[in-house]
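Both ligands and their constituent atoms are indexed starting at 1 by order of listing.
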Amino acid sequence: MIMSNGERMIFLSSIFILVNAGQGQECTELIKNKEYSCSGRNLTCIPGSLPFSVASLDFSFNFLTSLHKRVFPVMLNLQLLDLTRCYIRQIEKDAFYNVKNLMTLILTGNPITYLAPECLNSLYKLQRLVLVDVRLESLQLQINNLTKLQDLKVGTNCIQSMTLPSFMSTFKDFSLLDLHANNISIIRMDHTAVLREIGRNMTLILSRNPLIHIEPGAFKDVILRELHLLAAFISFNAQKECHKALTGLTVDKLFVGRYRMDEKIKVSVPDYLEGLCSINFNEIYLVQKEWSDSEMHLFRCMVNATKITIKKAYMNSMKHIPFHRLKELYLSDTGLSVVPFISHIPSLEKLVMKSPFPITFTGVSDLPLLQYVDLSGNMLILHECCSILFPRTPNIQYLNLSQNSEITFVNEPFSALDLLEVLDFHHTKLVIVFYFGFFKHLRNLKYLDISYTRVHFNTLTFQDLHNLTVLKMAGNSFSGDKLSYFLQNLTSLEVLDISQCGIEKVSMRSFTGTQKLRHLYLSRNKLMVLDFLTQPELTHLTSVYIDKNSITTIPLDVLQKLPMNLSEFDLSSNSIDCSCSQTDFILWIIQKQNILKQLENIRCKTFSANTDFKAIDFDIDYCVHKKRLTIVLSVICVTFVVVLAILLYKFWFYVQYCFILFSGYRSPGQQECSYDAFVIFSSYDEAWVMNELMENLENGVPPIQLCLHMRDFQAGKSIASNIIDEGIMGSRKIIVVVSQHFIDSSWCRFEFELAQSRFLMERNANIIIIILEDVAERKTKKVFGLHKHLKKNTYLKWSRDPLSNMRFWIRLRKAILQK
Ligand SMILES: *[C@@H]1O[C@H](CO)[C@@H](O)[C@H](O)[C@H]1NC(C)=O
Ligand SMILES: *[C@@H]1O[C@H](CO)[C@@H](O)[C@H](O)[C@H]1NC(C)=O
Ligand SMILES: *[C@@H]1O[C@H](CO)[C@@H](O)[C@H](O)[C@H]1NC(C)=O
Ligand SMILES: *[C@@H]1O[C@H](CO)[C@@H](O)[C@H](O)[C@H]1NC(C)=O
Ligand SMILES: *[C@@H]1O[C@H](CO)[C@@H](O)[C@H](O)[C@H]1NC(C)=O
Ligand SMILES: *[C@@H]1O[C@H](CO)[C@@H](O)[C@H](O)[C@H]1NC(C)=O
Ligand SMILES: *[C@@H]1O[C@H](CO)[C@@H](O)[C@H](O)[C@H]1NC(C)=O
Ligand SMILES: *[C@@H]1O[C@H](CO)[C@@H](O)[C@H](O)[C@H]1NC(C)=O
Ligand SMILES: *[C@@H]1O[C@H](CO)[C@@H](O)[C@H](O)[C@H]1NC(C)=O
């Protein structure tokens, strides 16, 4: 192939473009020029198309085998590099030279067999190093340059000793050493020397190691933020002894026990947690999977704790423990069948208990600082509530009894709990014995959730709740009218949820008191109109949810007066009427896409459910065209009618003529002729007709019966019908008296034309023309057919000469009598 230079240039540059385009698709750009993901693309090298400026690169699940200097292009802005499971076996000395500003390096899950001694040292800015599951055998890494290191995660390796390299004691920011799932079985004094020197605010994770022995005092004077010891011991005895050996350790949060998914184990040494008493901790998290026939004193060593979280335990009862610093107690899934009667813990502020099976609650008492009580989701049945269950606990502010079975309230249930700010009963059946004064005293209440509680609102009033900002009462049925009085005093209300309450209409008075309302939830009701949203009390609304109602349209005047700051409006799952009469509303939907929620579910009402379509897909242009077309058509119609009217007016005579023409001969021949001849003449010639024509013909022998309009036409009948019925149709012959006046008279012309058309149809020359006076030939042309008639047929000419007069009458008679 021979190419010119120019062609070659084009050829090469097109290859370049193709290659580049191909490479662009290898990685996904998450943030332009900064964050890229090439995860799982089966790549064998770092794509050259990545910009120099890339800061974060996820290159996990590819094939790299070996890391050396040329693997990475120069990326000096790169801060995070994820090389999880890239089959990396070797990491050479200068491997990270081109990415030396890394702050996070993740090498999880690579079968590394060779790690060049100095290779990590070029990463002197590194803060997080993740070497999980890389076949690491020792913590003696050459990372002396990594003085900014904070997190070192080396879980799931074969490390046998937790001894850190001595230079790490100078790493000021070092705060996390994750050694989970390694092979550490023994910890001796000298293994913790660096730890002791770092000595502050560090998290140490030793979970899932086969610990057998810790040299007593190994952790003496070690201060940790967190210590994780879940499933960290080879046996219960080892656990007990190792816990004991931790004496002198100070730790803020201690995680002990097992993992939740671990199997349940029967234990023969019920005091296996005894050793915890040697550890100085504030907070403890326990997952207990061990159970025993004899009683286990779970809390004995927790007496000095400030926070106890039991995520799982096997307890029969909870004895009174003289906790003196305890602030928070979380008991979930403990095996207790009753909420322990906790009392006289002066420091307790928070009590949370959750149980997967039904429990009972008889109360707690003498907890002066108790503020927060969450007993939700326990299938509780309470026969009386609530003050009576909390004697001498005056500070309760939060009470969550939601998702329980049934709670019965007797008179003034919150009388001693007047600091309550949050009260949650949702999805619990409430049985209220005395409605009056139910929420009395709750002047500080800010949050009230009585959704799905089957409460009867007929008599319930919120009269004292002036501070209430959130009221949720979805899923209870009451009519919209109720709203108009029970919201009146809720002047601080900002959030109101009355979804699924069967509301059909909201009265305009409902919100007169609630002028701060910002969020209104009205989903799943039966609303058809939304005009209440325009009232001035609701101007602060920012979100309105009216999905799943029966809204078909919102009139333009309502749309224009919707609250100004509305930024969330959920109209979805209503059957919108998408017809051209609603273009204003649909246009509004299209324009307000930014505030409308679940746009794809705002669908148009159609006759069958599976053909419905999104309201924003409605073709407004179609309506515009249709409207335009209608206008154009109407204009055309109107114009046509007007023109027609003008024409009709102007040519009325001809119209009538045509009408008669066609209607007059509907039944020709059926009529008996009652006259011998019909005379068409101008009224100016009446004298001649009366004196001469009538005289001579009617009084002659045989007499000829003439039809003369002034004499024979029936009164009350229109002239036109008379002409047809009496004259033309009722006479055998037509006599036309042509004169100057005849020519000028439109009636005469009309009669003549009618006559012609009759005989034209009957093909019978029965028109007899009498020329009374000479008329210019030019003028005869004015009368349709006359000129032709005169040329083709003989006619009679009247003259005053008596001789020719005589002949005239003879001929005329003959013509008339001729069949
Ligand atoms: C990567 O390769 C494996 C087999 O080697 C294949 O199953 C997988 O679909 C490939 N993935 C991609 C994104 O090409
Ligand atoms: C250690 O970091 C210094 C800069 O702090 C650098 O000059 C030196 O080359 C680094 N050592 C290695 C082995 O990269
Ligand atoms: C764990 O360490 C013991 C010695 O303490 C050794 O015998 C065993 O092979 C190691 N296990 C693994 C999986 O490396
Ligand atoms: C301990 O570490 C946490 C987070 O790592 C930090 O917020 C806290 O200030 C540190 N405390 C001390 C005393 O260094
Ligand atoms: C609780 O703290 C006191 C000192 O305040 C100490 O004497 C006692 O041994 C501690 N108890 C436990 C179980 O840690
Ligand atoms: C009450 O508890 C339930 C269930 O744990 C939870 O979903 C709800 O958010 C809690 N209520 C409040 C007000 O925190
Ligand atoms: C609302 O609560 C505040 C304290 O949060 C309280 O000072 C005020 O008296 C309460 N208002 C009413 C009307 O009770
Ligand atoms: C509103 O409060 C006033 C005074 O506290 C009370 O008289 C009235 O009954 C209350 N109205 C409602 C509907 O609770
Ligand atoms: C709407 O929002 C603006 C700014 O967030 C605020 O200044 C204004 O008062 C709000 N208007 C109403 C009616 O709430």
Pull out every atom of ligand 6 sitting under 4.0 Å from any heavy atom of [X], numbered as shown with elements.
X      : value
Lys354 : 5 (O)
Val422 : 13 (C)
Tyr447 : 13 (C)
Asp424 : 1 (C), 8 (C), 10 (C), 11 (N), 12 (C), 13 (C)
Ser402 : 1 (C), 2 (O), 3 (C)
Ser376 : 2 (O), 3 (C), 4 (C), 5 (O)

Can you tell me which residue and heavy atom of the protein come closest to [atom], and the distance to 0.1 Å?
atom                    : answer
atom 11 (N) of ligand 3 : Asn183 ND2, 2.7 Å
atom 14 (O) of ligand 9 : His540 ND1, 2.8 Å
atom 12 (C) of ligand 9 : Asn565 ND2, 3.4 Å
atom 13 (C) of ligand 9 : Thr539 O, 3.4 Å

Hey, is the main chain of [Y] close enough, under 3.5 Å, to the side chain of [X] for a donor-acceptor pair?
X      : Y      : answer
Asn476 : Thr453 : yes
Asn467 : Asn444 : no
Gln591 : Trp588 : no
Thr113 : Arg89  : yes

Just checking, is any N or O donor in the side chain of Tyr447 or Lys472 under 3.5 Å from an acceptor N or O on the other one?
->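 Side chains of Tyr447 and Lys472: pair found under 3.5 Å.
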
Do His441 and Glu412 have side-chain N/O donor and acceptor atoms under 3.5 Å apart?
->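 Yes, because at least one side-chain N or O of His441 sits under 3.5 Å from a partner of the opposite role on Glu412.
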
Is the shortest side-chain N to carboxylate O distance from Asp374 to Lys354 below 4.0 Å?
->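 Looking at Asp374 and Lys354, the cut-off is met.
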
Quick one: are the ring centres of Phe414 and Phe438 less than 6.0 Å apart?
->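 Ring centres of Phe438 and Phe414 closer than 6.0 Å.
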
Phe439/Phe409 aromatic ring centres below 6.0 Å |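 No, the ring of Phe439 stays outside the 6.0 Å limit from the ring of Phe409, centre to centre.
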
Any Gly377 heavy atom less than 4.0 Å to ligand 6 |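 So Gly377 does not count as touching ligand 6.
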
Below 3.5 angstrom, do we get any N/O pair linking Tyr398 and ligand 6?
->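 Checking ligand 6 against Tyr398, an N or O pair does fall under 3.5 Å apart.
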
For atom 9 (O) of ligand 3, decide whether some protein heavy-atom distance is shorter than 4.0 Å.
->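 When distances to the protein are checked, atom 9 (O) of ligand 3 has no heavy atom within 4.0 Å.
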
Please check atom 5 (O) of ligand 6 for a protein heavy-atom neighbour under 4.0 Å.
->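 Given the 4.0 Å limit, the answer for atom 5 (O) of ligand 6 is yes, a protein heavy atom qualifies.
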
Quick one: do His228 and Tyr285 satisfy ring-ring contact (aromatic ring centres under 6.0 Å, His included)? Show the steps, please.
-> CA-CA 9 Å; His228 296 244; Tyr285 296 80; 8.6 Å; no

Among Leu399, Leu375, Val352, Asn400, closest by any non-hydrogen atom to atom 1 (C) of ligand 6 |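 Comparing heavy atoms across Leu399, Leu375, Val352, Asn400, the nearest one to atom 1 (C) of ligand 6 lies in Asn400.
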
